[in-house]
Amino acid sequence: MRPSAPAQSGMPGPKTYIGWWGDMGSLPQKGIKTYGVSPYRQRAMAGALNGYIFNGFARLMNHLPYVAPPALFFYGVYYWSKSKYEYFNSKQGHYDNLIKEGVIKPGQYERPTVEPIGH
């Protein structure tokens, strides 16, 4: 029994090599045209800023009715929740919450106050 051939990576050897892609020894192909522009003649960003100033502003104004109402709504939710969070973490919020839960009765305690530390 003959052992199998080892797996080799890279280019095939000289007996099986018939040429790389596009250079296999066949007749040259006809009808293929290639065009090029000099890198010094190309203007990749020609009119980009000018086009954005006018077209970008018009596009922004066209999308504003779809973007502004949800943005304003969620900003309102954010502002409301932030103010509620600050209130609930204040002394007055804790005091009012204890009254609401029935832990203390209204007027049972004075509202907590903090006096400055004297040095």
Side-chain angles (χ1 to χ4, degrees):
M1 180 151 120
R2 191 173 108 188
S4 61
Q8 298 177 354
S9 63
M11 297 291 293
K15 292 183 179 179
T16 59
Y17 183 67
I18 59 171
W20 199 238
W21 291 106
D23 187 28
M24 295 191 179
S26 64
L27 296 173
Q29 296 182 356
K30 294 183 179 183
I32 298 176
K33 304 289 182 197
T34 58
Y35 299 96
V37 178
S38 168
Y40 300 107
R41 297 290 295 167
Q42 294 179 10
R43 295 175 53 207
M45 295 296 291
L49 184 62
N50 188 26
Y52 176 74
I53 289 172
F54 297 109
N55 296 338
F57 182 74
R59 187 177 299 126
L60 188 66
M61 289 297 113
N62 286 338
H63 288 285
L64 195 63
Y66 303 105
V67 175
L72 291 174
F73 172 75
F74 286 114
Y75 178 75
V77 169
Y78 165 76
Y79 183 78
W80 171 80
S81 62
K82 187 175 178 183
S83 64
K84 290 294 263 186
Y85 176 78
E86 289 173 358
Y87 168 72
F88 283 138
N89 285 316
S90 67
K91 288 182 180 180
Q92 184 65 41
H94 288 292
Y95 181 72
D96 293 343
N97 194 31
L98 289 174
I99 292 173
K100 181 180 173 186
E101 291 177 353
V103 176
I104 60 173
K105 295 179 181 148
Q108 183 178 359
Y109 296 100
E110 288 185 28
R111 180 174 169 232
T113 57
V114 175
E115 296 181 16
I117 298 173
H119 293 289

Inspect the surroundings of CE in Met61 and state if more than 12 heavy atoms from other residues, nucleotides or ligands are less than 6.0 Å away. yes

One should read off an interatomic distance between Lys84 NZ and Tyr79 OH, to the nearest 0.5 angstrom, of 13.0 Å

All heavy atoms of Pro106 vs all of Ile99, minimum pair found to be CG-CG2, 3.9 Å

For Gly93, is there any backbone N or O sitting under 3.5 Å from a side-chain donor or acceptor partner on Asn97? no

Worksheet item: Mind checking whether Ile104 and Tyr95 have side chains closer than 4.5 Å, heavy atoms only?
Response: yes

Here the gap from Asn55 atom CG to Asn62 atom CG, rounded to the nearest 0.5 Å, amounts to 10.5 Å

Between the OH atom in Tyr78 and the OG atom in Ser83, the distance rounded to the nearest 0.5 Å is 10.5 Å

dist Leu49:CG -> Phe54:CZ (nearest 0.5 Å) comes out at 9.5 Å

Next item on the list: Would you indicate whether Tyr87, at its atom OH, is surrounded by more than 12 heavy atoms from other residues, nucleotides or ligands within a distance under 6.0 Å?
Entry: yes

Would Phe73 end up clustered with Trp80 when hydrophobic side chains under 4.5 Å apart are linked, directly or stepwise? no

